[in-house]
Protein chains: 2
Amino acid sequence: MPKTFDIAVIGATGTVGETLVQVLEERDFPVGALHLLASSESAGASVAFRGKNVRVREVDQFDFSLVKLVFFAAGPAVTRSLAPRATAAGCTVVDLSAGLPTSQAPNVVPEANAAVLSDLPLPVQVASPSAAATALAVILAPLRAVLDLQQVHVTACLAVSALGREAVSELARQTAELLNVRPLEPQFFDRQIAFNLLAQVGTPDAQGHVPLERRLVDELRELLGMPALKISVTCVQAPVFFGDSYSIALQTGSTLDLAAINQALAMAPGIETVEDDYPTAVGDAVGQDVVYVGRVRTGIDDPQALSLWATVDNVRKGAALNAVQVAELLIKGHG
Amino acid sequence: MPKTFDIAVIGATGTVGETLVQVLEERDFPVGALHLLASSESAGASVAFRGKNVRVREVDQFDFSLVKLVFFAAGPAVTRSLAPRATAAGCTVVDLSAGLPTSQAPNVVPEANAAVLSDLPLPVQVASPSAAATALAVILAPLRAVLDLQQVHVTACLAVSALGREAVSELARQTAELLNVRPLEPQFFDRQIAFNLLAQVGTPDAQGHVPLERRLVDELRELLGMPALKISVTCVQAPVFFGDSYSIALQTGSTLDLAAINQALAMAPGIETVEDDYPTAVGDAVGQDVVYVGRVRTGIDDPQALSLWATVDNVRKGAALNAVQVAELLIKGHG
């Protein structure tokens with residue numbers, strides 16, 4: 001009989017938390033007791049797990065000594081306030097909220113830097129990075145062996161689902177208003193998101209970068225182990241419900257071997273390559289466990305440049321699944 | 001009394017042709033007789049000009065000796081078949097369809113390379129480039145003086161209106177079907193465009209680039225007079241009716257002076273800079289005569305990198321207005 005782990009999921013009623021519970025079930029994660037937790041507003045709801053409805057309880061009252069593993073899938077403030085209690089109670093923490101400094105909780109994407117975990121005795125704090133950093137790390141990690149990566153330029157077209165259910169409803173509501181020629185009344189977003197693209201996801205700092213862009217750069221450098229890698233990022237809010245799309249341009253230090261690049265991508269874990277067509281967020285990525293990669297091509301007359309297009313289920317592969325994959329690595333050898 | 005010019009507009013019932021007629025009126029272009037022409041299917045319709053409805057006639061029957069200036073705003077095949085007749089009849093041709101080789105009809109964006117026109121005796125053939133090349137040339141031309149441009153990386157998120165009225169209807173129809181939970185039946189596009197992004201606009205060649213991407217690279221190099229400039233482009237079909245958005249990353253050869261860059265952009269013709277906010281296609285660009293530029297920032301820790309976001313009315317400033325601006329330069333001194 002394999003050992004099981006008593007687990008808590010904080011933020012269990014959110015889009016990521018709910019998917020995380022689903023993924024634990026689908027992957028037969030050795031869950032013993034499952035404690036689903038949320039803020040007082042969401043407590044009382046229930047979430048399905050292994051054919052039963054598990055009642056969501058208020059996180060503030062929770063006794064962390066009841067569990068060994070805690071997923072933080074609520075906001076960063078919740079993580080910052082409760083992770084110390086979880087750790088003090090002996091829990092391993094997997095943070096999906098960017099609530100902990102990376103010096104304390106390293107970012108891990110198993111396809112890119114699983115080795116980080118091999119030296120860590122439990123309990124530990126680890127972080128599952130942003131969906132964009134997760135997807136880009138899955139794609140770029142296998143390319144490190146076949147090209148001399150010097151610059152990464154990314155335009156990340158993000159689904160509204162990353163901002164939660166209110167954002168999803170707002171896109172639907174705005175769209176219906178416009179189609180019905182009713183006056184548009186933006187609420188969750190500060191302007192029209194329907195049939196439009198918003199080029200600023202968050203509040204820019206003095207240099208003009210938004211926190212999500214800085215986070216992506218920091219996380220991706222950490223995940224690839226390339227602290228000096230040049231990365232430019234523009235995060236764009238797209239009028240898409242589910243699934244992120246990334247337009248990626250790489251500049252490298254030598255002439256590229258496209259066959260070797262395609263082979264590295266095709267062999268890499270966590271990637272599905274699309275060769276005679278191209279992937280879309282809605283048509284391919286949503287609900288899937290891999291990052292889809294297509295339109296792989298060298299520069300028009302620059303053999304050192306590579307362009308790619310990638311799509312990922314931002315909630316699933318970009319967040320919930322990655323966190324569970326990290327947890328799987330953590331418990332390996334502890335079963 | 002200023003001299004007037006008898007003019008023909010071919011493709012007058014299309015989105016660009018109709019806007020072109022509007023722009024001629026708005027800018028008091030010295031139009032004498034106006035001949036609106038289209039394919040046999042569209043002939044018989046009428047388009048408003050100076051308070052009158054002008055009947056659209058069939059282009060195949062047209063006697064080009066009736067006019068001095070012809071705008072080709074239909075498809076490239078129409079231009080290729082009829083431009084020789086127009087030129088033989090002594091007409092100046094402004095082609096918006098990419099139907100003529102650039103050796104024969106140079107691409108012109110007045111804000112970038114007006115000088116090309118100064119040596120040309122009428123009649124001539126000139127081309128108004130793609131909306132993306134037009135917008136990027138307007139933005140990059142004034143920057144040549146304040147930075148050492150080495151690489152341009154663009155993700156061009158294109159409005160469906162560039163593909164004509166059928167594409168606009170299809171986005172509306174698909175969106176309504178999805179909101180009403182009816183089965184999606186793609187017709188004009190080969191898959192779901194509503195709430196999705198399509199990363200391949202056209203058919204890729206053996207190297208993986210689509211014609212529109214090659215066209216943008218060629219046109220932009222020509223407009224900037226920088227034939228060796230490294231440019232990577234991904235053209236994305238966005239679920240947006242009107243207005244293109246461009247995510248632009250520049251790599252330069254020396255440390256950037258952001259104040260000088262902002263000043264150059266603010267002073268440049270054809271640009272509206274948005275400083276404390278950011279522009280969107282729908283909220284700013286649509287219906288306007290300028291390219292909107294925002295989110296101007298240097299790299300997170302790369303003082304030689306610059307990122308920008310730009311939006312443009314692809315039909316108006318990106319096509320119809322540019323063609324009229326070109327014509328204004330052509331007739332200058334010939335009035």
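Here is the naming used below: chain letters follow the sequence lines, and residue numbers restart at 1 for every chain. Heavy-atom basis, side chains included; hydrogens, waters and symmetry copies ignored. The shown structure was predicted, so the numbers you read here are calculated from the model rather than taken from an experiment.
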Participant: In terms of side-chain geometry, is the basic nitrogen of B:Arg191 or A:Asp284 positioned less than 4.0 Å from the acidic oxygen of its partner?
Facilitator: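 Not counted as a salt bridge, because no side-chain N and carboxylate O are separated by less than 4.0 Å.
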
Participant: For each of B:Leu258, B:Val233, B:Ile231, B:Asp277, tally heavy-atom pairs with chain A at distances under 4.5 Å, and name the one with the top tally.
Facilitator: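 Highest number of pairs under 4.5 Å: B:Asp277.
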
Participant: For B:Asp301, does its backbone N or O pair with a side-chain atom of A:Gln207 as donor and acceptor, under 3.5 Å?
Facilitator: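 A pair under 3.5 Å: no.
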
Participant: Is it the backbone or the side chain of A:Val282 that comes under 4.5 Å from a heavy atom of chain B, or both, or neither?
Facilitator: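 Answer is both: backbone and side chain atoms of A:Val282 are under 4.5 Å from chain B.
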
Participant: Give the ring-plane orientation class for A:His153 versus B:His153, where under 30° counts as parallel, over 60° as perpendicular and anything between as tilted.
Facilitator: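 A:His153 vs B:His153 ring planes: parallel.
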
Participant: Please flag which part of B:Asp302 lies under 4.5 Å from any non-hydrogen atom of chain A: side chain, backbone, both or neither.
Facilitator: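 When you check distances to chain A, only side chain atoms of B:Asp302 fall under 4.5 Å.
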
Participant: Output the option from A:Thr234, A:Val240, A:Ile300 having the highest count of non-hydrogen pairs under 4.5 Å with chain B.
Facilitator: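 Heavy-atom pairs under 4.5 Å are most numerous for A:Ile300.
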
Participant: With only heavy atoms counted, which part of B:Gln151 is less than 4.5 Å from chain A, the side chain, the backbone, both or neither?
Facilitator: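 Contact with chain A: side chain only.
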
Participant: Given the options A:Ala249, A:Ala199, A:Ser247, which has more heavy-atom pairs under 4.5 Å with chain B than any of the others?
Facilitator: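 Ranked by heavy-atom pairs under 4.5 Å with chain B, first place is A:Ala199.
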
Participant: Do side-chain atoms of A:Gln251 reach the backbone of B:Gln251 as a donor and acceptor pair under 3.5 angstrom?
Facilitator: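 Flag not set: sc A:Gln251 to bb B:Gln251 has no pair under 3.5 Å.
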
Participant: Show your working on side-chain hydrogen bond (donor to acceptor under 3.5 Å, both in side chains) between A:Gln192 and B:Thr280 and close with a plain yes or no.
Facilitator: CA-CA 9 Å; A:Gln192 180 178 337; B:Thr280 74; over 6 Å; no

Participant: Where on B:Leu179 is there a heavy atom nearer than 4.5 Å to chain A: the side chain, the backbone, both, or neither?
Facilitator: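 The side chain, not the backbone.
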
Participant: With a 4.5 Å cut-off on heavy-atom pairs, point out which of B:Leu198, B:Val296, B:Val217 contacts chain A the most.
Facilitator: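 Looking at each option in turn, the highest pair count goes to B:Leu198.
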
Participant: Counting only non-hydrogen atoms closer than 4.5 Å, does B:Ser245 touch chain A with its backbone (N, CA, C, O), its side chain (CB onward), both, or neither?
Facilitator: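 Interface part for B:Ser245: side chain.
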
Participant: Would you mind checking which part of B:Val160 comes under 4.5 Å of any heavy atom in chain A, side chain (CB onward), backbone (N, CA, C, O), both or neither?
Facilitator: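 Nothing of B:Val160, per the 4.5 Å heavy-atom cut-off to chain A.
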
Participant: B:Ala305 versus chain A, heavy atoms under 4.5 Å apart: side chain, backbone, both or neither?
Facilitator: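 Neither; nothing under 4.5 Å.
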
Participant: Would you compute the distance between atom CZ of A:Phe195 and atom CG of B:Leu171 and round it to the nearest 0.5 angstrom?
Facilitator: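 If I round to the nearest 0.5 Å, the distance is 5.0 Å.
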
Participant: Measure the shortest side-chain to side-chain distance between B:Phe242 and A:Asn196 over non-hydrogen atoms and say whether it is less than 4.5 angstrom.
Facilitator: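 Of all side-chain heavy-atom pairs linking A:Asn196 with B:Phe242, none is under 4.5 Å.
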
Participant: With respect to chain B, which residue among A:Thr298, A:Ile248, A:Thr311 yields the maximal number of heavy-atom pairs within a distance under 4.5 Å?
Facilitator: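 Option with the greatest count: A:Thr298.
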
Participant: What part of B:Thr175 gets closer than 4.5 Å to chain A, counting heavy atoms only: side chain, backbone, both or neither?
Facilitator: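 Contact with chain A involves both backbone and side-chain atoms of B:Thr175.
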
Participant: Shorter than 4.5 Å, heavy atoms on both sides: which option in A:Pro239, A:Ser232, A:Gly294 has the most such pairs with chain B?
Facilitator: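 Highest number of pairs under 4.5 Å: A:Pro239.
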
Participant: Atom CG in B:Asp205, atom CZ in A:Arg297: separation rounded to 0.5 Å?
Facilitator: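 If we round to the nearest 0.5 Å, B:Asp205:CG and A:Arg297:CZ are 9.5 Å apart.
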
Participant: Under a 4.5 Å heavy-atom cut-off, does chain A meet the side chain of B:Arg295, its backbone, both or neither?
Facilitator: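 Answer is side chain: those atoms of B:Arg295 sit under 4.5 Å from chain A.
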
